[in-house]
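Here the structure is laid out as structure tokens; the discussion comes afterwards.
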Number of protein chains: 2
Amino acid sequence: MQTSAQSMSTIRLVPRAGLCQACQVRGIAACASLDDGDLQRLAAIATQKEYAAEATIFEQGDEPSFIYNLTEGHVRLTKTLANGRRQIIGFVYPGGMLGLAVHGAYVCSAEAIGPVKLCRFPRPRLLSLLDELPSLKTRLLDIAADELGDAQEQMLLLGRKTPLERVASFLWRQHQEAIRCGDSTLSIDLPMKRADIADYLGTTIETVSRTFTKLRADGLIKLEHANKVIILDLDGLEELAEGL
Amino acid sequence: MQTSAQSMSTIRLVPRAGLCQACQVRGIAACASLDDGDLQRLAAIATQKEYAAEATIFEQGDEPSFIYNLTEGHVRLTKTLANGRRQIIGFVYPGGMLGLAVHGAYVCSAEAIGPVKLCRFPRPRLLSLLDELPSLKTRLLDIAADELGDAQEQMLLLGRKTPLERVASFLWRQHQEAIRCGDSTLSIDLPMKRADIADYLGTTIETVSRTFTKLRADGLIKLEHANKVIILDLDGLEELAEGL
DNA sequence: CGCTCATTTGACGCATGTCAACGCGCGTGG
DNA sequence: CCACGCGCGTTGACATGCGTCAAATGAGCG
């Protein structure tokens with residue numbers, strides 16, 4: 001398991017069987033719905049993969065050979081227009097799934113923000129296994145419905161919110177995400193750069209930066225570093241996010 | 001959008017009045033996966049409902065008591081911000097589903113654009129029936145994945161496309177939708193008003209109107225009425241939509 | 001200490017939102 | 001049958017928020 005610094009691709013590839021019970025995201029991932037026996041059947045078709053920071057996991061248009069479960073690190077999902085304009089469709093956090101929304105081809109690319117570890121399932125084998133694991137199928141349906149709800153919320157943000165409201169919404173959600181991960185503090189670590197935030201919020205680096213500055217000036221947040229935000233006024237942030 | 005075209009043709013089959021027997025369920029998208037026996041079990045929990053134009057079918061925040069299948073007419077899904085700004089999350093065409101993306105409460109409102117007919121399933125009964133109809137569960141998962149892909153395409157539109165590209169994309173999709181319904185002509189009927197298009201594309205009525213005018217001036221479309229568009233240059237429209 | 005990359009800040013112009021007027025089609029009622 | 005009003009769409013004039021370009025500041029690292 002030597003990390004070759006120059007490589008953007010896989011660092012380690014190991015069989016998954018037996019590791020699942022010990023998996024850190026067991027409780028929040030799709031596998032949470034399974035008992036030990038079923039979990040082993042799922043584990044039998046899984047392999048663990050790692051990617052270095054900035055590595056591409058799959059690309060928009062690729063044949064969707066795998067479905068992934070993110071166990072460590074953060075991933076961004078991107079779509080790119082002909083002239084290079086990029087939109088980040090979503091960020092994936094530990095426990096999240098990659099490659100669900102496809103038919104015929106991945107509809108977006110997945111890139112590692114930092115070093116990541118994921119659990120990889122051959123798509124056809126997972127899909128056929130679903131027929132024997134109904135609770136997993138239900139779980140996937142739930143996850144898809146959840147992601148659909150998130151996507152719709154993001155459409156509202158992109159279509160109708162001002163940059164200030166967008167950044168406030170973004171920070172609010174990051175806080176919610178931190179809570180989900182067990183961190184109940186108001187201090188938020190942003191794993192992504194300004195460019196990612198900008199492409200996620202449908203705006204520019206400069207506007208994101210200026211908006212952070214304004215939120216700081218208005219006493220709603222504090223910036224410890226560029227990537228560490230401390231929320232000073234959570235309610236105020238939420239009001240902003242909701243457009244009040 | 002185009003990447004999921006193949007699945008759309010199988011998932012969103014268009015129900016034709018008259019093909020539907022008994023409770024009109026037969027032939028409807030989600031139910032197409034079922035044999036006659038299973039279809040009857042589904043039909044047993046379904047009721048037909050009709051709504052007048054502009055009627056509200058359900059509202060954002062309501063307890064999600066039902067899942068719907070649209071059999072006739074068009075529906076818009078909306079989210080509204082505190083100060084009244086509205087975003088249309090999507091339009092639903094005959095054969096489409098309403099109320100899939102919920103957890104605890106509907107995440108958007110559904111409003112009839114014209115008079116509509118739908119098939120209504122009590123949510124808990126449908127969900128428990130899913131355990132006995134695995135092919136239906138698979139179909140719902142497919143539909144959800146498909147809608148997720150559409151939502152992501154819309155995020156790209158809202159976040160990164162110019163108004164001109166948005167309107168071109170919109171018309172292109174309407175054309176694809178018409179093809180799916182069997183109309184292979186370049187003449188498109190728009191069931192919704194300019195305000196709906198604007199709120200769907202994250203822009204304003206005026207900008208939509210001006211953009212239609214520009215597309216007409218550039219010889220890409222012809223406007224028979226305000227709600228009837230004839231595409232003169234389909235390839236040109238697609239290039240615009242893709243940002244080329 | 002000096003390179004590089006990320007972020008912030010500043011200056012400026014334009015695209016698009018806003019406000020307003022006008023036209024058109026259609027239904028209604030006198 | 002025509003006049004009127006109303007809803008909807010189009011067009012025009014204008015203002016401004018945000019994107020673009022550019023430079024300065026700061027952080028990390030050899």
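Treat the numbers as computed from the prediction; the structure is a model and nothing was measured. Chain letters run A, B, ... following the sequence lines, proteins first, then strands; residues in each count from 1.
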Name the residue closer to the 5' end of DNA chain D, choosing between B:K193 and B:R216 according to the nucleotide with the nearest heavy atom.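 Its nearest nucleotide being more 5', the pick is B:K193.
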Would you kindly compare A:P163 and A:H225 by the position of their nearest DNA chain D nucleotide and give the one closer to the 5′ end?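 Taking each residue's closest nucleotide, the earlier one in sequence belongs to A:P163.
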Rounded off to whole Å, could you give me the [atom1]-to-[atom2] distance for the [X] and [N] pair?
| X | N | atom1 | atom2 | answer |
| --- | --- | --- | --- | --- |
| A:K161 | D:dG17 | NZ | C1' | 19 Å |
| A:K228 | C:dA6 | NZ | P | 21 Å |
| A:L164 | D:dT16 | CG | P | 18 Å |
| A:I205 | D:dA23 | CD1 | P | 17 Å |
| B:L190 | D:dG9 | CG | C1' | 13 Å |
| B:K214 | D:dG9 | NZ | P | 22 Å |
| B:L223 | C:dC24 | CG | C1' | 14 Å |
| B:R166 | C:dT16 | CZ | C1' | 10 Å |

B:T204 has a side chain; which of D:dT10, C:dT18, D:dG19 sits nearest to it?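 That would be C:dT18.
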For [X] and [N], is the shortest distance between a side-chain N/O and OP1 or OP2 below 4.0 Å?
| X | N | value |
| --- | --- | --- |
| B:T162 | C:dA15 | no |
| B:T203 | C:dG17 | yes |
| A:T207 | D:dG19 | yes |

Which residue, B:E206 or A:N227, contacts DNA chain C at a nucleotide closer to its 5' end, judged by nearest heavy atom?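 Nearest nucleotide further toward 5': that of A:N227.
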Determine whether a donor-acceptor pair (one donor, one acceptor, N or O, separation below 3.5 Å) exists between the side chain of A:R210 and the base of D:dT20.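 Side chain to base: pair found, below 3.5 Å.
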Identify whether NZ of Lys or CZ of Arg in A:R194 sits under 6.0 Å from the centre of the six-membered ring of A:F212 and within 45° of that ring's axis.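 Yes, A:R194 sits over the ring of A:F212.
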Cationic tip of B:R120 within the cone over B:F66's six-membered ring, i.e. under 6.0 Å and within 45° of the normal?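 Because its charged atom sits under 6.0 Å from the ring centre and within 45° of the axis, B:R120 does stack over B:F66.
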Taking it one step at a time, do A:R76 and A:D199 satisfy salt bridge (charged side-chain N to carboxylate O under 4.0 Å, His left out)? CA-CA 10 Å; A:R76 60 171 176 258; A:D199 285 350; over 6 Å; no
Donor-acceptor pair, side chain of B:K228 and main chain of B:I188, under 3.5 angstrom: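 No, because the side chain of B:K228 does not come within donor-acceptor range (under 3.5 Å) of the backbone of B:I188.
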Take a 6.0 Å sphere around CD of A:E63 and say whether it holds more than 12 heavy atoms from other residues, nucleotides or ligands.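 Open.
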